[in-house]
**Student:** 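Sharing a structure below in structure tokens format, with a few things to ask.
Treat the numbers as computed from the prediction; the structure is a model and nothing was measured.
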Protein chains: 2
Amino acid sequence: MKHKGKTNPPGRIKIMKSFSLLMSQKDFHSITTSEIAKNAKVTEGLIYKYFKDKKDLLYQVLNKHFVTFQTKIESRIAKENSCIKQLEIIIFSSLESYADNRIFSRILLLEVRNSLGFFDSGAYEMIQKYSRTILEIIKKGIMKKELRSDIDPLILRKVILGAIEHACLGEIIFSRQLDIDKVSTGITNIIFNGAKA
Amino acid sequence: MKHKGKTNPPGRIKIMKSFSLLMSQKDFHSITTSEIAKNAKVTEGLIYKYFKDKKDLLYQVLNKHFVTFQTKIESRIAKENSCIKQLEIIIFSSLESYADNRIFSRILLLEVRNSLGFFDSGAYEMIQKYSRTILEIIKKGIMKKELRSDIDPLILRKVILGAIEHACLGEIIFSRQLDIDKVSTGITNIIFNGAKA
DNA sequence: CAAAACAGTAAGTAACACTTACTCAAAAAA
DNA sequence: TTTTTTGAGTAAGTGTTACTTACTGTTTTG
């Protein structure tokens, strides 16, 4: 008998919590199903009642984190109407979110991208939404002549997203601290004003 | 009896070739040791004579690719003496290399970063070297007043590396084609001239 | 020419992700 | 009220996996 997802029983919640905790201590692959079950005080078989497999459990935990992030960002953007300011907010908020929530960041930047299954998950849909938001702001910025008309919106998005992700990568991998303000203004300075003298 | 790395016997070569081939077909985790051995026509145990574990095999294959990449880039840079041009060459060459060698790119961008062991490997030393080269060019560029003096060299490097990596990521994951010239000039245009109108 | 070192094999083993077949209790239907 | 269905949870597996151990022959070398 499989679970249809209509209820949210205690066992399911315990499994997700147990897994979240373990993810803060070690990487995905070194977490075992028996460990998850033992920690959650349920049997191993129950995991497979609520989750298709171990990866599905990962995606669902990630999705939960992502929903809160997305709503936070959207409410912040709404308060500004300059496109450049909105992009600055996105850069700052993303860096802040990565720095504040390292487990979630590690999952997103290092653990899920290598399996194609992720790109069919609900968590990936959230990323696409976030990514689309950025693209729309860029396009509006070009229309409003805040941004140069000869830049390719898709490439600008790549530069922004790449800069954000790479800025956090080292700090996440080696558990270093990140100076959000400095990095955030540094990135926006380069991207909007250019590095050339 | 363990292997000291002083010779390069046929079995070792066959294992690396078999693994490389499999990496072009599926992701690291779904490749099994028995599959590698069967494909290489050796026994499974032999893998562990030449490689510490499955991941060590991955790192060594990656390292081999990386050495050729690094020497290629360095010879190209030597021909230019404007710092901005040198950075443009690095951006272009990196994109080209990622596009031309997708197996290697997938390993680097998606498969190795999530295990700390990688950062002790020889392959990682090569990345550091490449990364240091970029930083030195930036610093020289600031000194020669080609680049603005108020930009942080470390952050500019992050933006450059992030842009390069993110530009390839989607195309590698979904096996799409990459227009190197367009993306390369697009990135340099934004980073050096700025996106602001 | 003996001894060490090397290339390679055969046969394991513990641990792992995942499955099957089952109980028990509560809610729905009769 | 009794019967049936459904959901939460368990117990005991299974095949496969990465990795190990103990062993052959074959070169190389002191």
Side-chain angles (χ1 to χ4, degrees), chain A residues 1-23 25-62 107 111-112 114-118 121, chain B residues 1-23 25-62 107 111-112 114-118 121:
Chain A
M1 198 54 37
K2 263 217 166 170
H3 184 71
K4 303 288 193 300
K6 284 168 187 174
T7 56
N8 201 13
R12 202 189 114 98
I13 296 163
K14 280 194 278 179
I15 289 165
M16 286 184 91
K17 281 198 176 158
S18 162
F19 179 74
S20 281
L21 180 71
L22 287 165
M23 275 302 284
Q25 293 159 2
K26 47 172 102 172
D27 68 302
F28 177 69
H29 200 68
S30 45
I31 297 170
T32 64
T33 46
S34 81
E35 207 175 359
I36 297 165
K38 205 176 146 192
N39 212 288
K41 284 174 184 114
V42 295
T43 51
E44 231 178 303
L46 194 63
I47 296 171
Y48 295 90
K49 280 274 141 65
Y50 302 125
F51 306 95
K52 204 178 128 275
D53 50 29
K54 222 181 101 185
K55 271 183 181 159
D56 184 41
L57 172 56
L58 176 70
Y59 302 151
Q60 292 200 33
V61 167
L62 183 64
I107 302 177
E111 313 261 15
V112 295
N114 51 19
S115 40
L116 278 167
F118 168 66
S121 74
Chain B
M1 198 51 41
K2 262 216 169 172
H3 184 72
K4 301 288 193 302
K6 285 168 188 172
T7 55
N8 201 12
R12 202 188 114 98
I13 296 163
K14 280 195 277 179
I15 289 164
M16 288 185 87
K17 281 199 176 157
S18 163
F19 179 73
S20 281
L21 180 71
L22 286 165
M23 276 301 285
Q25 293 159 3
K26 46 172 103 175
D27 69 303
F28 178 69
H29 199 68
S30 45
I31 295 169
T32 66
T33 47
S34 82
E35 206 175 1
I36 297 165
K38 204 175 146 195
N39 212 288
K41 284 174 184 116
V42 296
T43 51
E44 232 177 303
L46 194 63
I47 296 171
Y48 296 90
K49 280 275 140 65
Y50 302 124
F51 306 95
K52 208 179 125 272
D53 50 30
K54 218 180 105 186
K55 271 183 180 158
D56 184 40
L57 172 57
L58 177 69
Y59 302 150
Q60 292 200 33
V61 167
L62 184 63
I107 301 177
E111 312 262 17
V112 295
N114 51 19
S115 41
L116 279 167
F118 168 65
S121 74

**Student:** Could you measure the distance from the OG atom of B/Ser121 to the NZ atom of B/Lys52? Nearest 0.5 Å is fine.
**Tutor:** 11.0 Å
**Student:** For B/Tyr50 and D/dC19, what is the distance between atoms OH and C1' respectively, to the nearest whole Å?
**Tutor:**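 After rounding, the gap between these two atoms is 17 Å.
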**Student:** Send over the distance from B/Met16 CE to C/dA7 P, rounded to a whole Å.
**Tutor:** 15 Å
**Student:** Could you give the CD1-to-C1' distance, from A/Ile15 to D/dA8, as a whole number of Å?
**Tutor:**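 Checked: the CD1 to C1' distance equals 11 Å.
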**Student:** What class does the angle between the rings of A/His29 and B/His29 fall in, given that below 30° is parallel, 30 to 60° is tilted and above 60° is perpendicular?
**Tutor:**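 Because their plane-to-plane angle is over 60°, the rings of A/His29 and B/His29 count as perpendicular.
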**Student:** If a pair satisfies salt bridge (Lys or Arg N to Asp or Glu O under 4.0 Å) and one of its residues is in residues 29-40 of chain B, list it, with sequence neighbours excluded.
**Tutor:**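 Residue pairs with at least one partner in residues 29-40 of chain B: B/Lys26-B/Glu35.
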**Student:** Let me know the distance between OH of B/Tyr48 and P of D/dC23, rounded to the nearest Å.
**Tutor:** 22 Å
**Student:** Find out whether B/Val61 and B/Met23 are in side-chain contact, i.e. whether some heavy atom of one side chain is under 4.5 Å from a heavy atom of the other.
**Tutor:** no
**Student:** At how many degrees, to 10°, do the end axes of the helix from C/dC1-D/dG30 to C/dA30-D/dT1 meet when each uses five pairs?
**Tutor:**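 The value is 0°.
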**Student:** When rounded to the nearest 0.5 angstrom, what distance separates CZ in B/Phe118 from NZ in B/Lys55?
**Tutor:**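 Result: 12.0 Å between the selected atoms.
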**Student:** Find out whether B/Leu58 and B/Phe19 are in side-chain contact, i.e. whether some heavy atom of one side chain is under 4.5 Å from a heavy atom of the other.
**Tutor:** yes
**Student:** How long is the straight-line distance from CD of B/Gln60 back to CD1 of B/Ile15, given to the nearest 0.5 Å?
**Tutor:** 10.5 Å
**Student:** Shortest non-hydrogen contact from A/Tyr59 to A/Ser115?
**Tutor:**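 Of all heavy-atom pairs spanning A/Tyr59 and A/Ser115, the closest is OH-OG, 3.1 Å.
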**Student:** Could you list, one pair per line, each protein nitrogen or oxygen that sits under 3.5 Å from a nitrogen or oxygen of nucleotides 9-12 of chain C, together with the distance?
**Tutor:**
| from | atom 1 | to | atom 2 | distance (Å) |
| --- | --- | --- | --- | --- |
| C/dT9 | OP2 | B/Thr43 | N | 3.0 |
| C/dT9 | OP2 | B/Thr43 | OG1 | 3.1 |
| C/dT9 | O4 | B/Lys49 | NZ | 3.4 |

**Student:** Only counting residues at least two apart or in another chain, list the ones meeting side-chain contact (heavy atoms from CB on, under 4.5 Å) with B/Asn39.
**Tutor:** B/Ser18, B/Leu21, B/Leu22
**Student:** I need the residues from residues 27-40 of chain A with at least one non-hydrogen atom less than 4.0 Å from DNA chain C; give them sorted by number, or say none.
**Tutor:**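 Going residue by residue through residues 27-40 of chain A, the ones with a heavy atom under 4.0 Å of DNA chain C turn out to be A/Ile31, A/Thr32, A/Thr33.
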**Student:** How many angstroms lie between NZ in A/Lys54 and CZ in A/Phe28, if you round to the nearest 0.5 Å?
**Tutor:** 4.5 Å
**Student:** Nearest whole angstrom, please: distance from the C1' of C/dT19 to the CD1 of A/Ile47.
**Tutor:**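 Nearest whole value for this atom pair: 13 Å.
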**Student:** Provide, to the nearest angstrom, the distance between the NZ atom belonging to A/Lys52 and the P atom belonging to C/dC18.
**Tutor:**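 In whole Å, C/dC18 P lies 8 Å from A/Lys52 NZ.
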**Student:** Can you find a heavy atom in the side chain of A/Asp27 that is under 4.5 Å from one in the side chain of B/Asn114?
**Tutor:** no
**Student:** What is the distance, to the nearest angstrom, from the NZ atom on B/Lys54 to the P atom on D/dT17?
**Tutor:** 9 Å
**Student:** If only atom types and distance count, is the side chain of A/Ser20 paired as donor or acceptor with the main-chain N or O of A/Lys17 below 3.5 Å?
**Tutor:** no
**Student:** Measuring from atom CE of A/Met16 to atom OH of A/Tyr50, what distance do you get when rounded to the nearest 0.5 angstrom?
**Tutor:**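 Interatomic distance, A/Met16 CE to A/Tyr50 OH, rounded to 0.5 Å: 13.0 Å.
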**Student:** Show me the protein contacts with nucleotides 24-29 of chain D, counting only N or O atoms at under 3.5 Å.
**Tutor:**
none

